[in-house]
Amino acid sequence: FNILSSLNVLYTNADCLPNKLTELKQLLKTLTIKPTVIAITEVNLKDAKSILVPDEFVLDGYNLHSVNIGVKHKRGIILYVDSNFTCTEIEHNSKF
């Protein structure tokens, strides 16, 4: 079994995921191959008037990992990983 041969990734720059979450859920229903990882950048609203929390973005069948969701002046990133895969989040602080 070669993990890379079965790894399917879906990426998008959402430019405000709350407005597009329903569309994402509909897209996932139409795909014949379920993505192993869904990576989404620019999740937060540009001029956030409300604070977002990761729980608002739960997708059935996926574990959610996020960075800077609801953080002012940050756009936020979400990674969804198929719940059948074991995934460990590692925090790395870079000086770059």
Side-chain angles (χ1 to χ4, degrees):
F1 177 70
N2 181 346
I3 187 73
L4 293 180
S5 67
S6 64
L7 186 67
N8 298 297
V9 178
L10 174 67
Y11 164 77
T12 189
N13 178 321
D15 192 25
C16 183
L17 184 58
N19 297 337
K20 298 174 180 109
L21 191 57
T22 301
E23 186 178 335
L24 174 61
K25 290 177 181 180
Q26 289 298 328
L27 172 67
L28 292 174
K29 289 179 184 179
T30 66
L31 297 176
T32 55
I33 298 175
K34 179 182 178 183
T36 311
V37 176
I38 302 170
I40 304 175
T41 57
E42 295 194 16
V43 172
N44 294 327
L45 302 145
K46 286 182 184 173
D47 299 318
K49 293 183 174 82
S50 62
I51 305 239
L52 304 174
V53 293
D55 290 347
E56 296 178 58
F57 302 107
V58 172
L59 285 180
D60 290 337
Y62 289 92
N63 294 319
L64 182 143
H65 302 274
S66 64
V67 177
N68 294 325
I69 301 302
V71 177
K72 193 173 184 177
H73 303 299
K74 300 281 185 172
R75 294 308 308 273
I77 299 169
I78 284 181
L79 284 179
Y80 293 101
V81 179
D82 186 318
S83 58
N84 294 315
F85 281 72
T86 301
C87 179
T88 303
E89 191 171 330
I90 299 172
E91 188 174 325
H92 174 69
N93 293 318
S94 175
K95 294 183 181 187
F96 297 105

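The model shown is predicted, which means the values in this text are computed figures rather than measured ones.
Note that CG of Leu31 and CG of Asn8 are 9.5 Å apart. Values are rounded to the nearest 0.5 Å. Expressed to the nearest 0.5 Å, how far CD of Glu23 lies from OG1 of Thr12 amounts to 8.5 Å. We find the CD1-CG distance between Ile40 and Asn13 to be 10.0 Å, quoted to the nearest 0.5 Å. Residue Leu59 holds its CG atom at 11.0 Å from OG of Ser83, rounded to the nearest 0.5 Å. Here Asn84 contributes atom CG and Thr36 contributes atom OG1; the two are 9.5 Å apart, rounded to the nearest 0.5 Å. Rounded to the nearest 0.5 Å, atoms CD (Glu56) and CD1 (Ile78) are 9.5 Å apart.
The minimum heavy-atom distance linking Gly76 with Ile69 is given by the pair CA-CD1, 4.0 Å. A pairwise comparison of heavy atoms in Asn63 and Asp82 identifies ND2-O, 4.5 Å as the closest pair. The shortest non-hydrogen separation linking Asn44 to Gly70 is OD1-N, 3.2 Å.
Within 6.0 Å of the NZ atom in Lys74, the count of heavy atoms belonging to other residues, nucleotides or ligands does not exceed 12. Around atom CG of Asp60, no more than 12 heavy atoms belonging to other residues, nucleotides or ligands sit under 6.0 Å away.
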- Query: Are Asn68 and Ile77 close enough, and set up right, to give a side-chain contact (heavy atoms from CB on, under 4.5 Å), and what steps lead you there?
  - Reply: CA-CA 7 Å; Asn68 294 325; Ile77 299 169; over 6 Å; no

- Task: Evaluate the criterion side-chain contact (heavy atoms from CB on, under 4.5 Å) for residue pair Tyr62 and Ile38; output intermediate values, then yes/no.
- Result: CA-CA 9 Å; Tyr62 289 92; Ile38 302 170; 3.7 Å; yes

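Using a 4.5 Å cut-off between side-chain heavy atoms of Ile, Leu, Val, Met, Phe, Trp and Tyr, with links allowed through other members, Val67 and Tyr80 fall into different hydrophobic clusters. A single hydrophobic cluster is not seen to contain both Leu27 and Ile33; linkage of ILVMFWY side chains at heavy-atom distances under 4.5 Å, directly or through other members, places them apart.
Residues forming a salt bridge (Lys or Arg N to Asp or Glu O under 4.0 Å) with Glu42 (at least two apart in sequence, or on another chain): Arg75. Glu89 meets the side-chain hydrogen bond (donor to acceptor under 3.5 Å, both in side chains) test with His65; sequence neighbours excluded. The salt bridge (Lys or Arg N to Asp or Glu O under 4.0 Å) search around Lys25 returns none, not counting sequence neighbours.
In this structure, Tyr11 and Val37 have side chains that are not in contact, with every pair of non-hydrogen atoms separated by 4.5 Å or more. Taking 4.5 Å as the limit, some side-chain heavy atom of Leu28 sits within range of a side-chain heavy atom of Pro35.
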